[in-house]
Amino acid sequence: MSLLEGLNSKQKEAVLCTEGPLLILAGAGSGKTRALTHRIAYLIKEKGVDPWRILAITFTNKAAREMRERVDLLVGEGAEDIWVSTFHSACVRILRNDIEKLGYNRYFTIYDTDDQKALIKECLKELNYNEKNFPVSGVLGEISRQKDELINPAEYEKRNQGDYRGEKYAKIYKLYQKKLESNNALDFDDIILKTVELFKFHPDVLEYYQNKFQYILVDEYQDTNTAQYKLVSLLAAAHNNICVVGDDDQSIYGWRGANIRNILDFEKDFKNARVVKLEQNYRSTKVILEAANSVIKNNYGRKQKNLWTENEQGDLIELKCCMDEHDEAEYVVREIDKQAKEGRAYKDFAVLYRTNAQSRVLEEHLVRYSIPYRLFGSIRFYERKEIKDILAYLRVILNPNDDLSLKRIINVPKRGIGATTISKVEEFAAANHMNLYEVIRDRETVSMFGRAAAKLKEFADLIGTLQAEAVQSKSICELMEELLIRTGYLKELEDENTEEARDRIQNIREFVSKAADYDKNAEEISLAGFLEEVALVADIDNYNEGDNAVVLMTLHSAKGLEFPFVFITGLEEGLFPSYMSIQSGREDSIEEERRLYYVGITRAKKKLYLTYANARSFRGERVYYRVSRFIEELPKELIKQEEVKKSSDSLPEMRVKNAIWQQHKAYEAALKKEIPAPQNISLDFKEGDLVKHFKFGIGTVEKISHAGADYEVTVTFPKYGQKKLMAGLANLKAVH
DNA sequence: CAGAGACTCGAGGAG
DNA sequence: CGAGTCTCTG
């Protein structure tokens, strides 16, 4: 029984218990991947299960790749037939086969967040709703939440009847969905939602997959949302062999619909479920683990779990108070530099933060010290303008119904098709229930656009040519080279000859080489396959443990990873926990922040560093913060504070007090409204009085209002009319 | 129609 | 501070 060798008794239990529902509660660093891979190997090798009858769902493509590799090592050949993928890739694979049953065609486009926002803007414009009252990101969030909960536009409308705002939201949601359909496009949420719909309305399809997948495994179960839960339960209903792995203490995606109840209620949802707890930690030192345990016990409603380890005690946690973000970055980088000089590898260090915006200063300092680093998560490669442009061409080639992408490139590079022309074409298309490409492709309809007709026709021909090219070319790489030439995209950039343009060309080159990689590795080369891969790849999927570089990423991205040395930076009230979670006033949203903290702490194997700054730049100005409550939740005896320097020593107490962003805003507003102007400006006149100005002469004071540290005085002068003057500058004298 | 410059407003986390 | 939008001019 070599497969059970080296596993602890709980892990063995998780491997052997193959039939029926099983919940593996796996604490951080408890060897769950090991248990999972051995379980799969056991199914194949010992139980004779066909690999293609196993579905394993992971959180990232990277995890999927690793799982497949490790199973391959255990069973020899055969792992390639297991479906190991993320929820999204699995669903896209299913939809490619049967989405026609739902009225889409199989060449559908997958829209990213930017595309979604653009589409919502169109909806708002069409419905004549103000972006002020309906902020795009808010609308997007609302729609996304509905989709995560499997609520379609009709249902949403029903639920919001009589609610003024709700009814408007319903209208937007409805139109948004209609547009997606007419563009033959799915957003991320649709990928899951449409698969569930497919299963619901076409039981034959469901039955096929139910029969196929005899064993189902879901990793990171605490982060599944309602739609994903539904999907899994539908698939598992036939064989009931469902094994989920998760840790309720690491549930950090509530904001994108993850439903922590899924894991808490597993035993209720699946009758006769067994539960195995993996509580021995193999990753961290006792100090780190104790810190993690003390932090997380401040949360309520958890599944009881107690992580322990046989590892060494380890170093104390290093806590450092910094002046500002530069000081903080300097400390972090200097510490890394010091250790690197002692022979420690760069890749042993991870610097984690709450928000992506924090990465820039860290980068600056790493560059200054010539320390190699890998930054994850800021702007995704595929979100760059030039890449999205090329992508838009590829999307239109494959799916000419994609009006959104077509509009993006119809005049890129410039070919004299302006906004007016485009809206005319759009109008015509809408009136005749046509897609834009249909309108411009048809000789008869296109000729109605006067002078612009020739240019539109030329563009339609270009797309036509590229489509033919796509059919002929053997590789995506080849198609892309052709596209770059024929569209003139490359030439335009070359002619520009600026630093920025060269940068863009560089990015495009990288994109082409990614296509070449795809050509080389794909089982079957297809444009659809390439676009799908691009749409579903996560930044973190490109993380390569081999690169000797310091890792910079958000706490969210760090989930599932481990590093010998971990820095958690920006431990300030309002930053971590975020001010959004504080001001929401809901305890569960602070608890989610705490879980995120827990995730961060448990990434560390050997040593943990915590830092916070008294001040930080925000929107170009200095904002003052108070130390995070999360620091106080750590037992004092685990901490070693560097240079015990009272945080408030160097700063007036009053400034430190106004810590969180929200308060800062209120403070700003108060400055403007109530706080009297500084003593050095005092006015000896009031509204209605006469004043004298050195140039405008004598006038009547209409209004006096506060403007920051000064007064704004509105005065009407007989000769010059009404003027708004700053009292501090205008030197107004009262006339008695 | 295109480009430059002024202007406003707003920041969380991710596939 | 910086992205995105608006407005003006050639």
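Chain identifiers are assigned alphabetically (A, B, ...) following the order of the sequence lines, protein sequences preceding nucleic acid strands; residue numbering begins at 1 within each chain. Computed from a predicted model, the values in this text were never measured in an experiment.
Mapping A/A452 and A/T86 onto DNA chain B by nearest heavy atom places A/A452 closer to the 5' end of the strand. Sequence order on DNA chain B of the closest nucleotides to A/H88 and A/K414 puts A/K414 first from the 5' end.
B/dA14 has no base stacking with the ring of A/Y253 when judged by centroids under 5.5 angstrom apart and an interplanar angle below 30°.
Taking only side-chain nitrogens and oxygens, A/S557 never comes nearer than 4.0 Å to OP1 or OP2 of B/dG13. Between B/dG13 and A/N356, a contact under 4.0 Å exists linking OP1 or OP2 to a side-chain N or O. Phosphate proximity of B/dC1 to A/T420: present, with a side-chain N or O under 4.0 Å from OP1 or OP2. A/K121 has no side-chain polar atom (N or O) that falls below the 4.0 Å cut-off from OP1 or OP2 of C/dG4. Listed pair A/R360 / C/dG2 meets the phosphate criterion, a side-chain N or O lying under 4.0 Å from OP1 or OP2.
Smallest separation of non-hydrogen atoms from A/P577 and A/I582: O-CD1, 3.7 Å.
Across all strands, A/D541 comes closer than 4.0 Å to no nucleic acid atom at all (heavy-atom distances). Residue A/S581 is classed as having no contact, given no heavy-atom separation below 4.0 Å to the nucleic acid. In this structure, A/E131 reaches neither bases nor backbone, as no heavy-atom distance under 4.0 Å exists between it and the strands shown. Using a 4.0 Å heavy-atom criterion, one finds that A/S578 contacts the bases of the nucleic acid, with or without backbone contacts as well. A/N61 comes within contact range of no nucleotide atom at all, as no heavy-atom separation falls under 4.0 Å. Among the atoms of the strands shown, none is found under 4.0 Å from any heavy atom of A/K385.
Residue A/Y382 contributes atom OH, which lies 16 Å from atom C1' of B/dA14 at whole-angstrom precision. In this structure, A/Y543 atom OH and B/dA14 atom C1' are separated by 19 Å, rounded to whole Å. Following rounding to the nearest Å, A/Y597 (OH) and B/dG12 (C1') show an atom-to-atom distance of 19 Å. Between A/L561 atom CG and B/dA14 atom P there is a gap of 13 Å when expressed in whole angstrom units. In this structure, the CD atom of A/E592 is 9 Å from the C1' atom of B/dG13, given to the nearest Å. With rounding to whole Å, A/R619 atom CZ is found 15 Å from C/dA3 atom P. Between A/I582 atom CD1 and B/dG13 atom P there is a gap of 16 Å when expressed in whole angstrom units. Counting to the nearest Å, the C1' atom of B/dG15 and the CG atom of A/D112 are 10 Å from each other.
Judged by the 6.0 Å and 45° rule, A/R374 forms a cation-pi pair with A/F376. Annotation: cation-pi pair A/R616/A/Y624 absent, no NZ/CZ under 6.0 Å from the ring centroid and within 45° of its normal. For the pair A/K147 and A/F188, the cation does not sit on the ring face, since its NZ or CZ is not both under 6.0 Å from the ring centre and inside 45° of the axis.
A donor-acceptor contact under 3.5 angstrom links the side-chain atoms of A/T113 to the base of B/dG15.
When each of B/dG13, B/dC1, B/dG15 is scored by its nearest atom to the side-chain atoms of A/T421, the top-ranked nucleotide is B/dC1. With B/dG15, B/dA14, B/dA11 as the candidates, the nucleotide lying closest to the side chain of A/F618 is B/dA11.
Across C/dG4 and B/dG13, the matching C1' atoms stand 22 Å from one another, rounded to whole Å.
Side-chain rings of A/Y598 and A/F630 stay apart, their centers remaining 6.0 Å or farther from each other.
With respect to the salt-bridge test (charged N to carboxylate O, under 4.0 angstrom), the residues A/D115 and A/K388 qualify.
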